[in-house]
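Written below as structure tokens is the structure these notes are about.
Note that ligands are numbered from 1 as they come in the structure, with each ligand's atoms numbered from 1 the same way. Heads up: numbering here begins at 1 and tracks the sequence.
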Amino acid sequence: MKKLGFLLFLFVFMWAAPNYGHAASAGAHIVLDGKQINVSGSAQPGIINGTTMVPFRVISENLGYKVDWKQENKTVQVFSGGTEIQLVIGSKSATVNGKRVTLNVAPVIRSGSALVPLRFIGEQMGVDVDWDGSTKTVTLVTRNSGPGNEGSTPPASGNDSTDGNAPSKGLALVNGISFSDNRMLITTTGTVKPNTFTMAGPDRLVIDLPNAAFSDTFGDSLPLNADHNGELAVTDSDNVSKIRYALFSDSPSTVRVVIDLNKVMGYKAYNEGVDLVIVDLTENSSEVTPPVGGDGKKVVVIDAGHGAKDPGASAGGGNNEKTFNLAMALKVEQILKQNPDLDVVMTRSDDTFLELKERVKVAENVNADVFVSIHANSAGSSAASGTETYYQRSSSKNLANTVHKHLVAATQLTNRGVRYGNFHVIRETSMPAVLLEVGYLSNSNDAAALFSEDFQNRVAQGIADGIEEYLGVN
Ligand SMILES: [Zn+2]
């Protein structure tokens with residue numbers, strides 16, 4: 001995202017406005033793409049009349065928007081690239097690229113700052129948003145998208161396939177998308193494994209097709225603009241209003257298809273042969289694919305923390321937490337899959353991003369028996385070292401103790417114990433859930449171990465042993 005000149009604007013924006021009250025919520029934080037934004041000198045985010053409100057200027061700036069305040073008509077205008085948003089203090093009506101949109105709560109001034117609904121930022125400024133009331137933390141993750149889309153990154157130019165419609169660089173190609181009678185068909189050249197999840201507000205079903213791109217002929221039958229996104233209106237369904245599609249990510253190349261739902265629905269997504277993905281919508285919103293937990297099997301959800309644009313902690317030298325977490329999660333999956341009494345479900349199996357609440361949703365949807373989130377820690381001091389296991393609810397404490405016993409024996413790092421931690425994914429899940437901080441990436445000894453194959457194999461075995469002992473399936 002382009003950074004424009006904001007220094008000038010800063011002077012313009014520090015307008016004099018009546019101070020209606022105190023900061024909305026002192027001690028709150030805003031974290032953008034893993035980094036905390038400095039909100040000093042601005043009103044804090046907080047709840048006003050039941051709606052999470054956030055400071056518009058500081059967030060816009062950090063997202064790379066140029067901001068303009070017009071005192072005479074109390075109007076805030078922000079623009080970046082092709083996007084222009086105009087808000088009026090006290091008015092629920094805003095414009096985005098000239099189109100009128102309605103806010104659920106009008107922007108207000110607090111301590112000299114314009115506060116807007118967090119949801120507006122999420123819907124109009126290309127970021128995934130979350131508010132954690134207990135820690136007063138607003139989390140923003142950029143989707144690199146235009147307004148109102150799930151996100152698309154134009155592909156790097158100059159690397160297009162030169163051999164027509166044949167799969168290049170191992171990518172599957174999406175040839176067409178159609179929808180009728182609660183069934184969407186995605187035709188491909190080459191097999192793609194759909195990664196499907198639902199999102200709320202508004203309700204939608206997201207189907208990510210990793211290692212895929214649009215075929216050269218896709219645009220012949222469906223609209224596809226120069227940014228490689230488009231949409232298909234659905235006029236004959238009570239359940240679906242439209243289907244959007246975009247080249248969501250360039251590396252790895254991922255096609256995202258979004259079904260905009262009129263209500264919450266269940267779904268089944270599966271491959272039929274090599275060249276077809278079928279997504280069936282069902283009235284039962286708890287129904288998901290693959291059907292797990294049949295035949296009395298226990299269901300384990302493994303959550304590799306962070307992913308894609310959210311790298312987590314850094315160990316330096318290009319080694320990020322997200323890579324470690326994923327490598328560990330995949331190894332644990334491989335071990336647990338060999339146990340006939342278990343079904344293993346991954347929140348992510350590649351370098352993709354999921355919001356915290358989506359990770360929770362995966363576990364809830366499959367009625368998981370246990371949820372294990374894998375992370376690595378980081379501290380300001382490079383001296384901090386060792387292994388921790390976190391639980392949030394007392395019903396998770398036995399799982400924490402059992403997994404930690406095996407984990408710490410496997411890491412052979414300092415035993416920092418089983419601890420209480422108020423993390424979203426282990427708080428909002430309803431089954432026993434733990435978050436493992438395997439070691440400290442900010443400590444050079446820990447970091448060297450964490451990225452060694454032997455260590456990872458040993459620790460994956462330890463985590464798997466702990467889960468199996470807890471579930472009584474060892
Ligand atoms: Zn983490």
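Annotation: Tyr390 is not in aromatic contact with Tyr420 [ring centroid separation under 6.0 Å not met].
Looking at Arg204 and Asp260, no side-chain N of the basic residue comes within less than 4.0 Å of a carboxylate O on the acidic one, giving no salt bridge. The residues Arg416 and Glu388 are annotated as salt-bridged, a charged nitrogen and a carboxylate oxygen being separated by less than 4.0 angstrom.
Among the atoms of Glu437, none of the N, O or S atoms falls under 2.8 Å from the Zn ion (ligand 1).
Nearest N/O/S atom of His375 with respect to the Zn ion (ligand 1) is recorded as ND1. Atom NE2 is the N, O or S atom of His306 at the shortest distance from the Zn ion (ligand 1). The N, O or S atom of Glu321 with the smallest distance to the Zn ion (ligand 1) is OE2.
Within a 6.0 Å radius of NZ in Lys405, other residues, nucleotides and ligands contribute more than 12 heavy atoms.
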